[in-house]
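Right, one structure below, let's go through it.
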Amino acid sequence: MKSNKYFVFLIGSQLLYGKQVLNTVEYQSKEMTSYLTSKLPFCITLTSIITDSETAINTIKKINNDDRAVGVIAWMHTFSPSKNWIRALQLLQKPLLHFSTQYLDHIPYNSIDFNYMNINQSAHGDKEFGFLTYRLNIKNKIICGYWKDSQTIKAIADWMKVANAYNESFNIKVASFGSIMKRVAVTEGDKIEAQIKFGWLVDYISLSELEKYVDAVTEKEIFESYSALKQRYTLNIDNDHIKKDSVLYQLKLYLAIKSFLTKNHYSAFTTNFEDLGSLKQLPGLAVQLLEYDGFGFGAEGDWKNAALDRLLKILSNNQKTGFMEDYTLDYRKKSGLILGSHMLEVDPSLSSTKPTVEVHKLSIGNRNAPARLVFSGSKGTGICISLIDLGTHFKFITYDIECFNNLPSTPHLPIATQYWQPKLGLIKGSQQWIENGGSHHTILSLSISPEQIETLSKLFKVNYIRIK
């Protein structure tokens with residue numbers, strides 16, 4: 001089922017060749033709109049054919065004020081003098097895709113005449129429009145290709161997902177339970193500038209506020225959640241009542257945090273093992289269940305990664321995307337692997353196996369042994385994404401990775417694991433990551449492409465470095 005949000009298809013033309021030509025342009029555009037809508041994750045709506053600046057300006061104003069309109073796709077079917085678009089594009093506040101295509105995928109050599117050319121002028125109409133967007137320094141996406149080709153449709157779909165994530169970024173609110181970990185540099189940042197640039201609102205939340213929600217969770221709610229947990233995952237607690245109590249307490253934390261986030265309209269959150277108030281355990285299983293529900297997360301108060309995690313979950317539809325940390329390295333030449341994990345909070349969307357619920361001591365945080373999901377990560381091509389604050393500006397950093405599973409287990413390290421290798425190689429990849437200031441906390445995704453991050457960075461007007 002498609003979202004109720006949609007993209008607007010703007011068709012550029014002019015009055016030079018008469019009404020009959022415009023009728024043909026409209027007919028062909030309707031056919032294309034219907035076909036593309038059937039293939040893409042969002043619907044496309046078609047406006048009237050735009051032939052003058054007044055129509056372009058009024059159309060863009062309506063789009064700007066329409067909360068359901070995610071972005072704009074512009075195609076110059078015939079030659080559309082781009083001076084008609086200057087003010088409209090200056091006013092546009094939604095993501096713009098310049099789609100350079102044409103109605104036919106071939107040249108009709110035996111029948112082509114000037115009448116055909118009057119109608120089919122996108123070969124030079126799109127270049128006129130492209131010059132203007134470049135002149136105006138608009139950070140739009142450009143896709144060239146035939147509108148029925150699967151590769152072209154995939155490129156449009158990928159852009160649509162980015163445009164939707166960009167719009168939703170300005171609705172992200174992060175609840176930072178406790179402060180950040182003491183004396184850690186990379187988790188610091190300018191929250192005001194982040195809100196200006198990305199729309200992220202970050203609020204410090206005292207643990208005393210959360211504790212009220214913990215106290216309000218009922219036994220009935222906990223056991224209903226426990227029944228659902230047993231159906232979804234394998235419980236490995238050996239009928240140990242102490243371990244069961246640990247699982248139940250994590251479910252209590254899960255329900256409390258979710259209730260707080262939902263009632264206060266937060267879509268991401270952080271925790272900090274150095275600041276747990278009266279909580280009996282560091283949230284582990286609780287965090288993983290919230291990640292499964294689509295909430296963004298950052299450990300040790302890392303609000304930038306919490307917001308970024310939420311943003312990229314929107315982009316990936318919460319598929320194979322989650323908070324990650326470089327845990328330890330295997331420098332052997334035949335291996336060259338990174339073991340990625342975190343103490344308790346690895347996102348189960350990355351799992352390739354059915355997770356088990358386990359309870360083990362945690363030698364940090366000075367609390368009771370917490371429950372967590374243990375699983376092996378996924379196999380495939382992916383990326384790691386870092387967002388750093390350099391004081392004067394933000395920067396996205398990614399590197400291309402190959403992910404692995406079915407590797408040797410870690411019986412004395414009972415945590416969820418994701419193994420990967422930079423495609424550049426462990427040594428060169430790690431060196432370039434460090435040279436560019438990449439964080440030890442990242443978002444790892446097997447569902448997002450580097451091209452999508454590049455598009456996103458252009459929309460936010462943020463520097464982007466890709467290590468490949």
Side-chain angles (χ1 to χ4, degrees), residues 1-11 28-47 63 66-77 92 94-103 105 122 126 129-130 133 138-171 294 308 310-322 349 378 380-383 385 396 398 400 443-460 464 466:
M1 184 176 179
K2 292 185 188 291
S3 167
N4 66 346
K5 299 176 183 177
Y6 58 84
F7 289 78
V8 182
F9 205 6
L10 302 181
I11 309 299
Q28 293 178 350
S29 300
K30 286 180 178 178
E31 180 186 345
M32 292 173 64
T33 301
S34 177
Y35 182 84
L36 290 170
T37 292
S38 71
K39 301 292 183 181
L40 292 167
F42 292 86
C43 292
I44 298 176
T45 64
L46 181 67
T47 65
I63 293 169
D66 186 348
D67 290 338
R68 292 178 56 204
V70 179
V72 169
I73 302 173
W75 174 43
M76 303 303 108
H77 189 303
L92 181 62
K94 302 289 178 76
L96 169 64
L97 168 62
H98 178 191
F99 186 24
S100 179
T101 189
Q102 64 180 28
Y103 181 68
D105 66 347
S122 56
D126 278 321
F129 188 79
T133 56
I138 295 174
K139 303 301 181 182
N140 59 292
K141 179 72 173 178
I142 301 171
I143 294 177
C144 299
Y146 185 56
W147 54 282
K148 284 188 176 180
D149 284 348
S150 58
Q151 186 175 353
T152 302
I153 291 171
K154 182 182 183 304
I156 297 173
D158 286 348
W159 174 81
M160 282 181 159
K161 294 172 185 176
V162 172
N164 181 58
Y166 170 79
N167 285 335
E168 289 299 316
S169 181
F170 296 90
N171 298 321
L308 182 62
R310 171 58 185 163
L311 176 66
L312 298 182
K313 281 177 175 292
I314 296 169
L315 175 54
S316 67
N317 197 28
N318 202 21
Q319 299 297 307
K320 302 291 182 185
T321 300
S349 78
S378 293
T381 299
I383 57 173
I385 307 109
F396 280 110
T398 70
D400 299 29
I443 307 302
L444 186 146
S445 178
L446 286 84
S447 301
I448 296 171
S449 70
E451 290 77 17
Q452 288 178 305
I453 300 299
E454 181 179 15
T455 300
L456 198 61
S457 67
K458 287 182 178 179
L459 286 170
F460 286 124
Y464 171 57
R466 178 184 178 186

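Here, residue 1 is the first one in the sequence, and each next residue gets the next number.
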Worked verdict on Phe42 versus Trp159 for ring pair (Phe, Tyr, Trp, His ring centres under 6.0 Å): CA-CA 11 Å; Phe42 292 86; Trp159 174 81; 9.5 Å; no
message: Are more than 12 heavy atoms, taken from residues, nucleotides or ligands other than Lys458, located less than 6.0 Å from that residue's NZ atom?
response: no
CG/Asp67: more than 12 non-hydrogen atoms of other groups inside 6.0 Å: no
Is [Y] close to [X] at the side-chain level, that is, under 4.5 Å between some pair of heavy atoms?
X	Y	value
Asp105	Lys148	no
Thr101	Met32	yes
Asp66	Tyr6	yes
Phe7	Val72	no
Leu311	Leu456	yes
Ile383	Ile385	yes

message: Under the rule for side chain to side chain contact (heavy atoms under 4.5 Å, CB included), what residues qualify as partners of Lys154, not counting sequence neighbours?
response: Asp158
Partners passing side chain to side chain contact (heavy atoms under 4.5 Å, CB included) against Ser316 (at least two apart in sequence or in another chain): Thr321, Ser447, Ile448
[Y] backbone acceptor or donor facing [X] side chain under 3.5 Å:
X	Y	value
Ser34	Glu31	no
Arg466	Pro450	no
Trp147	Tyr103	yes
Gln319	Asn317	yes
Lys141	Leu96	no

query: By salt bridge (Lys or Arg N to Asp or Glu O under 4.0 Å), which residues pair with Lys5, not counting sequence neighbours?
result: Glu168
statement: Between the NE2 atom in His98 and the CD1 atom in Ile142, the distance rounded to the nearest 0.5 Å is 7.0 Å
message: If I take atom CD1 from residue Ile11 and atom OG1 from residue Thr47, how far apart are they, to the nearest 0.5 angstrom?
response: 7.0 Å
Of Ile44, Thr37, Leu97, the residue whose pairing with Phe9 passes side-chain contact (heavy atoms from CB on, under 4.5 Å): Ile44
Can you give me the closest heavy-atom contact between [X] and [Y], atom names plus distance?
X	Y	value
Lys320	Ser378	NZ-OG, 2.7 Å
Gln102	Trp75	CA-CZ2, 3.7 Å
Ala69	Lys94	O-NZ, 2.7 Å

- request: Go through the side-chain N and O atoms of Thr398 and Tyr464 and say whether any donor and acceptor fall under 3.5 Å apart.
  value: yes
